2 protein chains.
Amino acid sequence: MQDLQSNIAIKINPNVYKKDPLSSDLGAKILRQGCNLIDDLGFEKFTFKKLANHIESTEASVYRYFENKHNLLAYLTMWYWSWAEYKVLLNTLNIDCPKIRLQRAMKCLTEEVIEDAEFSQVNEVKLNQIVIRESSKVYLCKTVDSDNESGFFHVYKSLVQRIANIILEIRPTFKYPHMLISTVIEGARHQRFFSDHLPRLTDVIVGEDAVTDFYLQLVQRELGIED
Amino acid sequence: MQDLQSNIAIKINPNVYKKDPLSSDLGAKILRQGCNLIDDLGFEKFTFKKLANHIESTEASVYRYFENKHNLLAYLTMWYWSWAEYKVLLNTLNIDCPKIRLQRAMKCLTEEVIEDAEFSQVNEVKLNQIVIRESSKVYLCKTVDSDNESGFFHVYKSLVQRIANIILEIRPTFKYPHMLISTVIEGARHQRFFSDHLPRLTDVIVGEDAVTDFYLQLVQRELGIED
DNA sequence: GCAAATATAATAGTATTACTATCAATTAGA
DNA sequence: TCTAATTGATAGTAATACTATTATATTTGC
């Protein structure tokens with residue numbers, strides 16, 4: 001993926017920002033250090049004032065880029081899902097067999113993010129942690145319907161649709177492709193959180209990626225695909 | 001269940017409150033109206049001041065019962081899972097076949113909550129909505145480890161363990177019983193949220209309980225149980 | 001190279017949030 | 001009825017979540 005770094009840019013729906021954070025140095029700092037601070041403090045304790053101090057700028061300047069911290073989190077989440085979709089795309093391109101495409105897509109979407117591709121302003125490992133811990137707060141809130149109309153969840157939905165299509169290619173009569181995929185995507189992140197904080201809710205196996213193993217198996221059994 | 005209403009009380013771990021809200025009228029109001037207000041405003045916009053005004057009391061009085069709104073939400077969530085576990089218990093008692101016990105437990109944990117048993121101070125339908133939308137915020141936060149030590153998640157974990165035991169009865173070598181159950185429990189609630197707000201992430205089928213159907217099937221296929 | 005446009009910093013200010021503290025009034029229990 | 005516990009009333013603080021204004025840089029277009 002290295003050779004694509006400089007040429008590919010992830011485009012984010014402008015509704016989520018007031019001023020494009022990729023259009024300036026300060027904007028880039030807001031993304032990068034915003035990511036760091038949200039990871040450190042947790043979303044609830046994170047404020048634009050703290051971020052501004054941290055990057056030696058001012059609160060007012062940060063507000064010029066994002067209406068509020070909710071939208072900054074939405075931006076980061078949208079970026080993450082675009083990046084994930086791009087990974088899926090790269091890994092399934094030119095592969096004819098839909099079962100293998102599904103398997104590879106599942107792997108992309110459930111495996112741990114360890115290496116830091118530093119694809120752009122954002123540190124993918126930290127962003128992954130944020131997505132695990134904070135991203136559901138973007139939709140689990142009263143503004144979900146208007147945010148949805150603004151397109152905040154478009155990328156996520158299109159990612160789910162993309163995998164659902166592979167499933168339908170394998171089993172055209174399967175009734176619940178979207179449910180299955182969103183269950184797996186959300187579940188994988190929850191299980192990683194559980195294994196760090198509430199291990200009795202999961203099954204941790206040292207030296208094995210239990211999460212990927214479990215969800216891959218689950219999907220294959222649900223669709224009746226032999227291993 | 002009616003005849004048990006007056007005799008059975010759900011006991012909540014005292015670490016979550018400063019003063020037992022079931023020990024006074026005001027406490028009961030805090031639970032009941034807190035539930036209503038959180039449902040109306042969403043957890044982020046909900047404040048103790050608004051609650052106090054709503055029940056014609058004062059902020060300071062509310063703070064006498066709960067350290068903060070996070071703990072009130074934790075209380076309500078704990079109550080919900082105790083209630084759910086009790087439902088599971090009632091529905092699986094005296095049934096020998098573990099497959100049927102599993103099926104009944106799954107049904108309890110995935111089906112829609114429509115009828116309002118008014119089991120106590122809390123309106124179960126509203127509480128169910130709150131659990132769907134807000135409850136993951138109790139653990140998706142920086143205090144999760146100390147909250148866990150205080151026992152905030154004990155009931156939830158014991159519920160998961162209970163069902164995991166049924167699974168192990170059916171398939172003693174199954175590697176991921178906790179993962180499977182927590183995936184189903186969390187997933188069922190997410191899917192209900194999706195079908196209300198982000199329907200492209202799920203598969204809504206009118207007149208059918210797709211959620212229960214899907215997760216029951218998923219579990220049975222994962223465990224290789226014939227329908 | 002200069003004017004115009006744009007971006008940022010500095011400062012100030014407001015309403016609300018998330019509490020804590022104190023004390024008086026009321027109620028309940030023994 | 002006396003005492004203790006509960007609640008209400010009031011006050012106060014630091015932080016949050018913004019908005020507005022103005023001055024100062026910096027970039028860009030010509």
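These numbers come from the heavy atoms of this one structure, side chains and all, not from hydrogens, waters or symmetry mates. Predicted model, so just to flag it, every value in this text is computed and none were measured.
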side-chain N/O A/Ser61 vs C/dA9 OP1/OP2, d < 4.0 Å = yes
Side-chain donor-acceptor contact under 3.5 Å, B/Asn71 with B/Tyr17 = no
Does B/Ser24 have a side-chain nitrogen or oxygen under 4.0 Å from the phosphate oxygens OP1 or OP2 of D/dT7?
-> yes
A/Glu59 atom CD is separated from D/dT21 atom C1', nearest whole Å, by 15 Å
Between C/dA18, C/dA9, C/dA7, which one does the side chain of A/Lys19 approach most closely?
-> C/dA7
Scan side-chain atoms only and decide if B/Thr143 and B/Ser146 contain a donor-acceptor pair under the 3.5 Å cut-off.
-> no
Nearest-Å distance for atom pair CZ/C1', residues A/Phe48 and D/dT16 = 12 Å
Take atom NZ of B/Lys18 and atom C1' of C/dA18, then tell me their distance rounded to the nearest Å.
-> 12 Å
Phosphate oxygens OP1/OP2 of C/dT8: is one of them under 4.0 Å from a side-chain N or O of A/Ser57?
-> no
Let me know the distance between NZ of B/Lys29 and C1' of D/dG8, rounded to the nearest Å.
-> 12 Å
Interatomic distance, A/Leu26 CG vs D/dT26 C1' [rounded to whole Å] | 13 Å
Are B/Lys69 and B/Phe43 in a cation-pi setup, meaning NZ or CZ lies under 6.0 angstrom from the ring centre and within 45 degrees of the ring axis?
-> yes
A/Phe43 CZ to D/dT16 P, straight-line distance once rounded to whole Å = 13 Å
Calculate the interatomic distance between B/Asn53 atom CG and D/dG8 atom C1'; express it in whole Å.
-> 13 Å
In whole Å, what is the span from the CD atom of A/Glu44 to the C1' atom of C/dT17?
-> 14 Å
Does a salt bridge link B/Lys137 with A/Glu44, judged by any charged N lying under 4.0 Å from a carboxylate O?
-> no
Checking C/dC19, C/dT17, D/dT6 against the side chain of B/Lys50 (C-beta onward), the nearest is C/dT17
Does the ring centre of B/Tyr176 sit less than 6.0 Å away from the ring centre of A/Phe214?
-> yes
Is it true that B/Trp83 and B/Tyr86 have ring centroids separated by less than 6.0 Å?
-> no
For DNA chain C, the residues among residues 63-74 of chain B that have a non-hydrogen atom under 4.0 Å from it = B/Tyr63, B/Glu67, B/Asn68, B/Lys69
The side chain of B/Ala60 lies closest to which of these nucleotides: D/dA20, C/dA21, D/dG8?
-> C/dA21
May I ask you to decide whether A/Arg192 forms a salt bridge with A/Asp209, counting only side-chain N to carboxylate O separations under 4.0 Å?
-> yes
Between D/dA15 and A/Lys49, is there an OP1 or OP2 to side-chain N/O distance shorter than 4.0 Å?
-> no
